[in-house]
Undergrad: 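Submitted below is the structure of interest, expressed as structure tokens.
From a predicted model like this one, the values you see are computed outputs, not experimental measurements.
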Amino acid sequence: MNLTSTSWSCARCGAAFFGAPPEHGLCDQCLAGLEALARLAPVASQPCPLCGGPVCADCGKALITLVPIPPGLAKPGGEVSSDGG
């Protein structure tokens with residue numbers, strides 16, 4: 001029996017969890033919320049001029065596009081530091 005657990009925190013809300021972290025780094029509640037927003041958000045007829053992605057018809061800002069990554073293709077993120085080193 002393996003009693004070792006990994007702790008991780010949601011990349012969106014910061015809530016702490018134990019267990020294997022999902023590849024997308026989001027808790028179930030945040031993932032469901034983002035998916036609901038994506039379904040409900042009106043999409044403008046013109047794509048974003050910078051990235052070509054979908055744009056919100058209400059505010060004109062680029063929308064987040066969630067793309068599943070097959071297991072094994074995701075690379076662990078490195079530590080980000082603002083001190084340049």
Side-chain angles (χ1 to χ4, degrees):
M1 176 190 255
N2 185 359
L3 298 177
T4 304
S5 287
T6 302
S7 63
W8 62 279
S9 60
C10 175
R12 185 166 189 242
C13 70
F17 298 92
F18 287 103
E23 297 213 11
H24 46 65
L26 300 173
C27 67
D28 291 340
Q29 184 176 2
C30 286
L31 182 60
L34 287 173
E35 288 173 340
L37 281 175
R39 283 191 303 274
L40 298 175
V43 178
S45 59
Q46 296 295 319
C48 174
L50 298 175
C51 69
V55 177
C56 175
D58 290 335
C59 68
K61 294 183 180 180
L63 296 173
I64 296 172
T65 303
L66 299 176
V67 179
I69 300 173
L73 291 181
K75 296 180 182 171
E79 185 175 323
V80 177
S81 162
S82 63
D83 64 1

Undergrad: Listed by chain and number, what are the side chain to side chain contact (heavy atoms under 4.5 Å, CB included) partners of Gln29, not counting sequence neighbours?
TA: Cys27
Undergrad: Supply the members, apart from Phe17, of the Ile/Leu/Val/Met/Phe/Trp/Tyr cluster built from side-chain contacts under 4.5 Å; use none for a lone residue.
TA: Trp8
Undergrad: Quick check: closest heavy atoms across Thr6 and Pro21, and the distance to 0.1 Å?
TA: CG2-CD, 4.2 Å
